[in-house]
Amino acid sequence: MISLYREAIIKAEQKGLQWKQAAKDSRRDGTPRSSFFFIFLQDIIITMEYDHSTFISPLTWRYGSDEMKHIFSEEHKRKLLRRVWIALARAESKAGLVTEEQVMELEAHKDDIDIARASEIESEIHHDLMAEIRTYAEQCPIAGGIIHLGATSMDALDNADAVRFKEALSLTLDRLDTLITVLADKAEQYRNVPTMAFTHIQPAEITTIGYRIAQTLQDLLDDRDEAVSVLSSIKGKGMKGAVGTAASYTVLLKGTPVSAEDLEKMVMYELGIEAFPAATQTYSRKQDLRIIAVLSSIAATLHRFSLDLRILQSPSIGEFSEPFGKKQVGSSAMPFKRNPINSEKICSLSRIVESQYQAAWMNASTSILERTLDDSANRRIFIPEAFIAMDEMLLTELRIVRGMNIHSTATARLMADYGIFASTERLLMELGRRGADRQQMHEVIREESLAAWQSVQEGRGNPLKESLMGNSRIREFLSEDEIASLLDARDYTGDAALRTEMVIDRARKLVR
């Protein structure tokens, strides 16, 4: 068995070197990248090459940044576990249970991750954490016997997860802050540019492009507040043992100057996180629920903005378009197509993020008594997936906003076709102010507007301005020039620009 294992290791290492070089040379356009794992089925070792001949999650090779995927890598997880064990050993050294030499040896080997050896051990003992402990212990002949002293598995795993989730949410916030800054710049650039607003996906009144962008900016600022709050609240389980009572540590530390509470504080201080005051074998899974909830909220904001962009990119409106490469292909069948694939991708991935909420909710609500293991497998999947999908969404949205085109000709066409309908409200108000019968004038404008709408629908342009300027009943109160001025919709935007600035100011204060 060992000879088969060693042969598999040599082959995988050779392949691994090739893969590492290919990864450096690969582009973010879907270039296949292989990775290698070992599957242990009882006493049989199978070397599996994870290339495109088998299923690989698109989140592994297609979506998300290297930084986010590193945070959720198996290597990084095991390094975090070793950080926990070192922090525990250092705290126990204060109680005289561990020597300084042992702590130093643990430190010396903290980055010597050997997943192959841990997998070999796991194939025999069927316990992944104990396999990692034994692998670490083999590397540390002096300190091996004190690794994980007094702890239960979740003392290591839940604290490592808490550190990892803080890293992931911090990276997410960095991405979010960059997007907020770029959106604020766009909102400011277009705060005074009028355009048609739509209600019920029908032309309504006039807004500004900047004010429309400010709606998304405002939602993202609220999402940011929630994310900052969740980030600051992330806690580890602490060092509390099998059912959260710290009984094992109490016995272990008996007669020393260090209490179980003291030890926990020292460990958590070194890890840079706080501990929940109370825990079972795990920290409360409500924490996972809060993390997924804030990711889901950001996803909802990005989905709404992306859906709007998809509508605004349709030829009938044509006001926006996302970046489109010189050699980019829009359709395999229709060479002329410029599909909004990036906005569509964001909408698609947002559903993945949102769907993870159900799993987090079930884990939080069905964790029976002091511990059940039915959350373990799904947490390995849905939490990394949610973060990596969110990472891809934010990076994609950032590229869209930075490079999106806003077509002034389309805006002018929309204003010419539909803007004047909105400005009839202002004409009606002025007629009332001049003493005209409001109900009679409403009917006059309505009849002229319906006739003009029919003309627009038939593609014959909008004759409303001329028909209203020539209407004798309206001319009793206003001159042609006055009517023309009132029907110019470009300045019929209320205080949209002012409100846009209010949102921008908030963004500038929060994100510097």
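Reckoned from all heavy atoms, side chains included, excluding hydrogens, waters and symmetry mates.
Residues Arg224 and Leu173 form a side-chain contact, since some pair of their non-hydrogen atoms from C-beta on lies under 4.5 Å apart. Residues Lys345 and Glu392 form a side-chain contact, since some pair of their non-hydrogen atoms from C-beta on lies under 4.5 Å apart. Using a 4.5 Å cut-off on side-chain heavy atoms (C-beta onward), Leu106 and Cys140 make contact. The side-chain heavy atoms of Lys265 and Glu261, taken from C-beta on, include a pair separated by under 4.5 Å. Between Leu302 and Leu179 the shortest side-chain heavy-atom distance falls below 4.5 Å. Looking only at side-chain heavy atoms (C-beta outward), Ile86 and Tyr136 come within less than 4.5 Å of each other. In this structure the side chain of Leu80 never reaches within 4.5 angstrom of the side chain of Val84, judged on heavy atoms. Within the 4.5 Å cutoff, the side chain of Ile125 has heavy atoms near those of the Arg134 side chain.
Listed by chain and number, the residues in a ring-ring contact (aromatic ring centres under 6.0 Å, His included) with His70 are His76 (sequence neighbours excluded). In this view, Ala360 and Leu289, Ile292, Phe382 satisfy the side chain to side chain contact (heavy atoms under 4.5 Å, CB included) rule, not counting sequence neighbours.
For Thr172 and Arg175, the side-chain atoms include no donor-acceptor pair closer than 3.5 Å. Using a 3.5 Å distance cut-off with no hydrogens or angles, the side chains of Asp288 and Tyr283 do pair a donor with an acceptor. Judged purely by distance below 3.5 Å, without hydrogens or angles, the side chains of Glu322 and Asn342 pair a donor atom with an acceptor atom. For the residue pair Ser65/Asp391, the side-chain donor-acceptor check at 3.5 Å is satisfied.
Within 6.0 Å of atom CZ in Arg499, 12 or fewer heavy atoms from other residues, nucleotides or ligands are found, so the atom counts as exposed in its surroundings. Within a 6.0 Å radius of CZ in Arg304, no more than 12 heavy atoms belonging to other residues, nucleotides or ligands are found.
Note on residues 141-152: pairs passing side chain to side chain donor-acceptor pair (under 3.5 Å), not counting sequence neighbours, are Trp85-His148. Annotation: ring pair (Phe, Tyr, Trp, His ring centres under 6.0 Å) contacts involving residues 347-381, sequence neighbours excluded, are absent. Applying the side chain to side chain donor-acceptor pair (under 3.5 Å) test to every pair with at least one member in residues 241-255, sequence neighbours left out, gives these pairs: Asp155-Tyr249. The list of salt bridge (Lys or Arg N to Asp or Glu O under 4.0 Å) pairs with a residue in residues 365-377, not counting sequence neighbours, reads Arg285-Asp375, Arg371-Asp375.
Each of Met130, Glu138, His127 was scored for a side chain to side chain contact (heavy atoms under 4.5 Å, CB included) with Ile121, with one residue passing: Glu138.
Taking a cutoff of 4.0 Å between a charged side-chain nitrogen and a carboxylate oxygen, Arg117 and Glu120 qualify as a salt bridge.
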